[in-house]
Amino acid sequence: MLPKTYEPTNVEEKWIKIWQDQGLFKPKIDKNQKPFTIVIPPPNITGALHMGHALDETLQDIFIRYARMKGNNAFWVPGTDHGGIATQNVMEKILKAEGKTKEEIGRESFLERMWKWYGECGTTILDQLKKIGCSIDFSKENIRFTMDDQRAAAVFQAFKELWGKGLIYRGERMINWCPRCYTALSDIEVEYEEEKSFLWHIKYPLTDNSGHITVATTRPETMLGDTAVAVNPSDKRYSKVIGKKLKLPLTNREIPIIADEAVDVSFGTGAVKITPFHDPADFEMAQRHNLEMIQVISYHGKMENCPEKYLGKKVEIARKEIVEDLKEAGLLEKEEPYKHNVGRCYRCSNHIEPLISEQWFVKTKNLAKPVIEKTKKGEFSLYPENWKNPFLMWLENIKDWCISRQIWWGHRIPAWYCKNCGKESLFFDERGQLKRVSLKKGLKPVVSKEKPLKCEICGGHEFVQDPDVLDTWFSSALWPMSVFGWPEKTEEMEYFYPTSILVTGYEILYLWVARMAMSGMFHQGKLPFPKVYVHGIVRDKHGQKMSKSKGNVINPLDIMKKYGTDSMRFSLIIQAIGGKDIPFSENSIIGGRNFVNKIYNVSRFIHLYAVKDRIYKPDYLSLDETDKWMLSRFNETCEIYSKYMEEMMLPEALDRIYAFLWDEFCDWYIEFSKPQINSNQKDKKLGLIISVFTDSLKLLHPFMPFVTEELYSSLSGYLENHSNFLCMEKLPTAKKEFSFKETEKKISSLMDLIKTIRALRAQFSIPPSKKINVTISADEKAISILKELEEHIKTLAGIENLKIEPNLTKPPKTIAAVSGNFTIYVNVEGNIDIEKEKIRLKKEEKELSPLLEKWKQKSLDESFIKNAPEPEIAKLRERILDTENKLKKIKELAGYLDEAF
RNA sequence: GGGUGGUUAGCUCAGCGGAAGAGCGUUCGCCUCACACGCGAAAGGUCACAGGUUCGAACCCUGUACCACCCACCA
């Protein structure tokens, strides 16, 4: 005898191994078959997968398995991402734990450690993908990595092509600098967060001693780098001082008062301190007015180029001291509580310093254009559609992309410099390593994959490579091409590109999706995929983002271990409606776990009655009414399922199978069938049960691969035709000949009847073990329908003797209820509380009467009759008739009550 | 400041023009020979608020109020 509850662990391990060993998911190029391809959003090799990955991978696996079972040549391209800053940070932490820094061990050995880490962590991640059930071929040669040789070739090619067309340039711009990660970031790698702070009002004295000007700032420490104060030219308060000079407090410098339209008269004091080096708006203004720019905050986030007192101090500390010093000098007018947005690094959460720096950029305006066009034309679509507008808006306002990072882990920028020509432009550290490059003095980079042999300008032979690496998203942007071997003209590229769909979370829509689309258009003239399925973020049960610091992280590995992968997949997907965020808690898995157990028990039921190694087939020539009902329900389920799947409405499709299997198949059909399973009808019934159940498993398989594969395999011995693997089976489709609408109506009224009797039993506390005697009355026609279903009523309502008679008046010693056209009389012995019974009937009457009145009024309403569609009117009339009938019967019953007992 | 989504049962959310739904939780009765991770029966909702369109509105329109997220250089 099988255990009562499903044990997922061994089953999952078994199928992971078998699927791989059989090579079922190996990519194959077959020009006669249509490919269905998804490239995985490569997980960063930063550690373990989280709940968001579980969702992302599950969604993709569903698309892939569904496509495979539909008969497409499905290929899910796996791989991992080197993950730039994020991964470097992980390694820095590891080193710190060992008491080392990356500077101490040097660039080369640091990179060695990183590659070793990739070896370990990459494997861990692939193992976890297996556990999630991903139908990926995990053989080594199929796994891609954003930094392996082939991907490196793609990165170089892309860089060269962009450089060749003048779309990559190096320039000095205001960029976002993370002092913690010690690198520049692109604009979209900064996260803004509201912070409570102060607006400090500081007095700047005029040099002519004619008074002072008060400026308001949220960053007093930057005043040390002020090179002007700006006012609006139309601001009468300041018209007389424009052009005068101010003495910059705490320093010996003098700065001018300038006039600029950008200054908001109504904000603060209407006078703005201008720190060109450390504020984007000030930088622009400085360019208009040709102001000096002084860097007072270093790349390490410490004060520099400033009075001795603050030199080398961290920004936060300098801020406090400066405010104190101003207060002491009587120059702090007020300290106003103030909320404002502060930029934080998306990788380490530290404060971002905007500052001016020479970096590599990609010109994006023209790259975005073709993508905008494709999107507007509908050739590129996002699901859900709500993302279309934000996506377009972002592309339309796109800014140049800073692609250089001052870290070590990543694709080194393929730019080389002649040491001889670069005497004034190349800066080396004490170890002789190139640490900084400036092209301001006209040094020309040579873009090349290998070290150039000879300088074309001076004939020199010594070259050094740019010390920076590329933004990790630069290689990710090429992923849908690089995975197929681009820029080589490979067969894979030819066959699989463009891919079919991309599945990812909305948080990387701009960071990744937009850039893939641009790269695809630029390098291939084709989008990498026609549509994107955008899903939400897995949050905790309160809707909070999961984070280590909040301590609300749920680890998918723990969940899978405890409840099984199928349960987790079910629970995630059933909630993933419309791409919304998912509030996930351990509690929400229980529904999935229960469902897995439920279907497992269906197989248990089958095994209990079926004879081993015997073939069971449905006999479609001798179907009874319940068989037809069930086939018809399954048929509709197939129809709805495939409609939803085609529209990418996965949760809705899953919900339909769930409801079919649990409510219709288990709760009704199996129950209907039980008496016949103990009779000579057994084989026939089992045949149908097995057939419909295994077909349901097929529909369910993309969502819950392990349990369905396991059950299918355990049942396949009963099947006349079956594949070796459920995952390679063909999906069942709806068949017209199995749609029995009349039968559905009939059975539905039968179900109502049974429910009414059960309710009656519950109301009068008749224990389930006690069989009852029942008489059902109705008109002749309805009676004839009931007669053939008599047995089902008896078993499902716990009836000993059932009499079905036309037009009967209430027999003595019975309680009664009305269901549709039927009046039900249940014999009772002993004492029944007549008052209670009266109250029950009165209550029902009270509920129905006003409704009936309302409907009657409506049916008489001329404008309703005139405007409403015909079926609607008919429906209402039928409802009125039924209700009138029912009310009449209820009143009759109430009347009889007194004499009947 | 702009944009997007949300406000429906105690909780998490479906439904998006024709009698208010699911899962979990709650109450009552059942270890009925697949399943107590189960079965049966129930309780529980002026569908945020105010107008409007319509024969008819949770659903469409217009406002309002909160909530969430995204974008934006207001010091």
Side-chain angles (χ1 to χ4, degrees), chain A residues 2 4-6 174 188 192 199 215-219 222 230 262-264 266-275 279-285 338 340-341 354 384 386-387 389-390 393-394 397 506-507 509-510 536-537 541-543 545 563 567 571 574-575 577-585 587-588 590-609 651-652 655 658-659 666-667 670-671 674 678 755 758-763 765-769 795-798 851 854-855 858 861-869 871-873 875-876 879 883:
Chain A
L2 290 160
K4 282 187 174 186
T5 47
Y6 175 69
M174 178 64 67
I188 41 178
Y192 290 90
L199 192 58
V215 296
T217 181
T218 54
R219 300 206 57 189
T222 61
V263 179
D264 182 348
S266 61
F267 187 88
T269 59
V272 194
K273 63 191 265 319
I274 302 299
T275 320
D279 183 282
D282 294 1
F283 174 69
E284 279 174 26
M285 215 180 281
Y338 188 68
H340 68 138
N341 281 337
N386 318 346
W387 287 110
N389 273 333
M393 264 166 61
W394 187 79
N397 299 307
Y506 61 74
E507 73 272 21
L509 200 55
Y510 310 134
I537 294 168
K541 62 178 163 186
H542 306 292
K545 233 176 181 168
Y563 299 97
S567 309
S571 310
I574 203 80
Q575 294 185 85
I577 297 152
K580 284 194 198 163
D581 288 354
I582 295 170
F584 193 81
S585 66
N587 199 33
S588 62
I590 289 176
R593 195 265 321 257
N594 294 354
F595 179 52
V596 170
N597 198 239
K598 186 75 184 175
I599 59 171
Y600 162 75
N601 268 288
V602 174
S603 79
R604 221 169 140 252
F605 174 79
I606 293 168
H607 286 307
L608 189 67
Y609 291 100
E652 289 82 352
D655 189 61
Y658 173 85
C666 289
D667 286 353
I670 289 186
E671 294 307 323
K674 275 179 179 171
N678 292 312
K755 282 191 214 167
R758 285 171 175 172
L760 218 46
R761 295 184 65 122
Q763 272 162 16
S765 303
I766 302 168
S769 52
T795 35
L796 295 191
L851 275 175
K854 211 175 90 186
W855 295 334
K858 194 173 176 184
D861 187 341
E862 267 179 48
S863 48
F864 173 73
I865 300 295
K866 216 170 70 188
N867 293 303
E872 210 45 57
I873 299 169
K875 227 166 80 184
L876 182 71
R879 202 155 71 210
T883 313

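All values below come from the heavy atoms of this structure, side chains included, with hydrogens, waters and symmetry mates left out. In what follows, chains carry the letters A, B, and so on, assigned in the order in which the sequence lines appear, proteins first and then strands, with residues in each chain numbered from 1.
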Inset, instruction - Take nucleotides 69-75 of chain B nucleotide by nucleotide from the 5' end and write B, S or -, depending on whether a protein heavy atom sits under 4.0 Å from the base, only from the sugar-phosphate, or from neither. - result: ---BBBB

Inset, instruction - Could you give the distance separating B:G23 and B:C37 at their C1' atoms, to the nearest angstrom? - result: 14 Å

Inset, instruction - Name the nucleic acid region contacted by A:Lys4, choosing base, sugar-phosphate or nothing; use a 4.0 angstrom heavy-atom cut-off, strictly under. - result: sugar-phosphate

Legend entry - Spacing of CG belonging to A:Asn601 relative to CG belonging to A:Leu2, to within rounding of 0.5 Å: 9.0 Å

Inset, instruction - Scan nucleotides 43-48 of chain B nucleotide by nucleotide, 5' to 3', and note B when protein non-hydrogen atoms come under 4.0 Å of the base, S if they reach only the sugar-phosphate, - if neither. - result: ------

Inset, instruction - Just call it for A:Glu507: base, sugar-phosphate, or nothing, with non-hydrogen atoms closer than 4.0 Å on any strand. - result: nothing

Legend entry - Whole-angstrom distance between B:C39 and B:C33, as gauged at atom C1': 14 Å

Legend entry - Approximate separation, where rounding is to 0.5 Å, of A:Ile873 CD1 and A:Asn867 CG: 9.0 Å

Legend entry - Base partner of B:C73, which must satisfy Watson-Crick or wobble distances under 3.5 Å: none

Inset, instruction - Quick one: label A:Arg758 by what it contacts on the DNA or RNA (base, sugar-phosphate, nothing), any heavy atom closer than 4.0 Å. - result: sugar-phosphate

Inset, instruction - Describe the nucleic acid contact of A:Pro869 in one word from base, sugar-phosphate, nothing, applying a heavy-atom distance below 4.0 Å. - result: base

Inset, instruction - Can you tell me the pairing partner of B:G18 across any strand shown, Watson-Crick or G-U wobble, with both distances under 3.5 angstrom? - result: B:C55

Legend entry - Rounded distance in Å - NZ (A:Lys858) to C1' (B:G56): 5 Å

Inset, instruction - Assign the ring pair A:Phe267 / A:Tyr338 to parallel, tilted or perpendicular, where the plane angle (0 to 90°) is split at 30° and 60°. - result: perpendicular

Legend entry - Watson-Crick or G-U wobble partner of B:U7, both distances under 3.5 Å: B:A65

Inset, instruction - Could you check whether A:Lys854 gets within reach of a base, just the sugar-phosphate, or nothing at all, counting any heavy atom under 4.0 Å? - result: nothing

Legend entry - Strand partner of B:A41, provided both Watson-Crick or wobble distances fall under 3.5 Å: B:U27

Legend entry - Short side-chain N/O contact from A:Lys580 to OP1 or OP2 of B:U12, under 4.0 Å: no

Legend entry - Strand partner of B:C35, provided both Watson-Crick or wobble distances fall under 3.5 Å: none

Inset, instruction - Output yes when at least one side-chain N/O atom of A:Asn594 is less than 4.0 Å from OP1 or OP2 of B:C37, else no. - result: no

